[in-house]
Number of protein chains: 2
Amino acid sequence: MAKKVKDILEMSKHPVVNGSLWLESGDKRFFGPGPVELLERIAETGSIRQAAKEMQMSYKKAWELINNLNAHTTSPVVIPQTGGEKGGGSIVTPEALELIQYHRELRKRFKAFLEKETKNLSY
Amino acid sequence: MAKKVKDILEMSKHPVVNGSLWLESGDKRFFGPGPVELLERIAETGSIRQAAKEMQMSYKKAWELINNLNAHTTSPVVIPQTGGEKGGGSIVTPEALELIQYHRELRKRFKAFLEKETKNLSY
DNA sequence: AATCGTTATTTCTTTAAAAATATAACGATA
DNA sequence: TATCGTTATATTTTTAAAGAAATAACGATT
């Protein structure tokens, strides 16, 4: 009888099945953990720059993520305003909030999958 | 009523849920797509160097992957022989083949998960 | 002992990604 | 119209990862 995985792996090191999820189209990722957190923080702060700063992300990268995300939605999920009383800012649309919620649920299902597979290592 | 994801995403670009899976312990990955393919090729060729070459992977990286993998198993899954009639070579143990098989099945389950989630985007 | 191609390892170089920097445009407000 | 902090964008610099190259050790075979 062939050995089982748990007899091959060094179980004392507590190996786990882990992974990453994202939305892509044409091999290009446009919605993963990064953009999600960014959206959340833009919603809070009203500013791409400030949100990026909180995440220790460069403004440039943040802007690219948002721009890329907007390119994959029927209407922009982040609406920037340049100039204005405080120099400008950005608001996230209700659709963005919907995407965030979707991703939370997706992540929950993925987490369940990973935990199931991790448990499965032991049998 | 809140919009659904399919109404927010630009569905004409055919977005899909995709992801990556691996085994890790202590935040360090030791078994993902790379090592799996490498093991398969070492099994075929009997040589780390040749296997790496086939994958356009540097020998150094291949060796690191294998070394790292061996460090997470109860006994080495790749046994190198330095020197010998053809200069040496490496053989993969039955346990390695078992790991490969495990990963194939894991990947199958993950694929099903991803496809289900991708379909789910449309509803 | 000479040969072979591999393993094992270090060092150097290249490349790519990320980050930092700089600057123009913007428009509500005072 | 002067100010503000932001968006938008290009350019430069830094950093990290990957790759290339070089070298010693190895041992069965001849």
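Here is how names work: the chains are called A, B, and so on, in the same order as the sequence lines, proteins then strands, and each is numbered from 1.
Not counting sequence neighbours, the partners of B:Arg49 by the side-chain contact (heavy atoms from CB on, under 4.5 Å) test are B:Ser47, B:Tyr59. B:Glu85 is linked by a side-chain contact (heavy atoms from CB on, under 4.5 Å) to nothing, counting only residues two or more places apart in sequence or in another chain. With sequence neighbours excluded, the residues forming a side-chain contact (heavy atoms from CB on, under 4.5 Å) with A:Val17 are A:Leu114, A:Glu117, A:Thr118, A:Leu121, B:Leu21, B:Leu23, B:Tyr102, B:Leu106, listed by chain and number. Partners of B:Leu97 by side-chain contact (heavy atoms from CB on, under 4.5 Å), not counting sequence neighbours, listed by chain and number: B:Ala43, B:Val92, B:Ile100.
In this entry the distance linking NZ of B:Lys53 with P of D:dA20 reads 12 Å, nearest Å. Separating the CE atom of B:Met55 from the P atom of D:dG19 is a distance of 11 Å, rounded to the nearest angstrom. B:Leu38 places its CG atom 11 Å from the P atom of C:dT7, with the value rounded to the nearest Å. Counting to the nearest Å, the P atom of D:dT15 and the CE atom of A:Met57 are 20 Å from each other. Computed from coordinates, the A:Tyr59 OH to C:dT21 C1' distance equals 15 Å when rounded to whole Å. In this structure, B:Leu65 places its CG atom 14 Å from P of C:dT7, rounding to the nearest Å. B:Lys61 places its NZ atom 18 Å from the P atom of D:dA16, with the value rounded to the nearest Å. A:Arg49 places its CZ atom 13 Å from the C1' atom of C:dA19, with the value rounded to the nearest Å.
DNA chain D is contacted by no residue of residues 27-34 of chain A, taking any non-hydrogen atom closer than 4.0 Å. Contacts between residues 79-86 of chain A and DNA chain C, defined by a heavy-atom separation under 4.0 Å, are made by A:Thr82, A:Gly83, A:Gly84, A:Glu85. Contacts between residues 39-48 of chain B and DNA chain C, counted as heavy-atom distances below 4.0 Å, involve B:Ser47, B:Ile48.
Here B:Ser90 does not reach the OP1 or OP2 of C:dT6: none of its side-chain N or O atoms lies under 4.0 Å away.
A salt bridge between A:Lys119 and A:Glu115 is absent, with no side-chain N of the basic residue lying under 4.0 Å from a carboxylate O of the acidic one. The pair B:Lys3-A:Glu98 does not meet the salt-bridge criterion, since no charged nitrogen lies less than 4.0 angstrom from a carboxylate oxygen.
A:Ile79 shares a hydrophobic cluster with A:Ile91; the chain of contacts runs through ILVMFWY side chains whose heavy atoms sit under 4.5 Å apart. The hydrophobic side chain of B:Val16 is isolated, with no ILVMFWY side chain under 4.5 Å apart from it.
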Test A:Leu99 against B:Ile8 for side-chain contact (heavy atoms from CB on, under 4.5 Å), laying out the working first. CA-CA 8 Å; A:Leu99 277 187; B:Ile8 298 171; 4.0 Å; yes

I'd like to know whether A:Leu9 forms a side-chain contact (heavy atoms from CB on, under 4.5 Å) with B:Phe30, so could you lay out the CA-CA distance, the side-chain angles of the two residues, the decisive distance to 0.1 Å, and finally the verdict. CA-CA 11 Å; A:Leu9 297 180; B:Phe30 66 91; 4.0 Å; yes

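For A:Glu105 and A:Gln101, the side-chain atoms include at least one donor-acceptor pair closer than 3.5 Å.
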Could you run through nucleotides 11-16 of chain C and give me one letter per nucleotide, 5' to 3': B if any protein heavy atom sits under 4.0 Å from the base, S if only the sugar-phosphate is that close, - if neither? B-----

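The one candidate from A:Val77, A:Val36, A:Val78, A:Leu38 that meets the side-chain contact (heavy atoms from CB on, under 4.5 Å) condition with A:Leu69 is A:Val77.
Residue pairs meeting the ring-ring contact (aromatic ring centres under 6.0 Å, His included) criterion with at least one partner in residues 77-97 of chain B, sequence neighbours excluded, do not occur; the list is empty. Residue pairs that meet the side-chain hydrogen bond (donor to acceptor under 3.5 Å, both in side chains) test with at least one member in residues 8-35 of chain A, sequence neighbours left out, are A:Glu10-A:Ser12, A:Asn18-B:Glu24, A:Trp22-A:Glu24, A:Glu24-B:Asn18, A:Ser25-A:His72.
DNA chain C is contacted by both A:Ser58 and A:Gly88; A:Ser58 maps to the nucleotide lying nearer its 5′ end (nearest heavy atom per residue).
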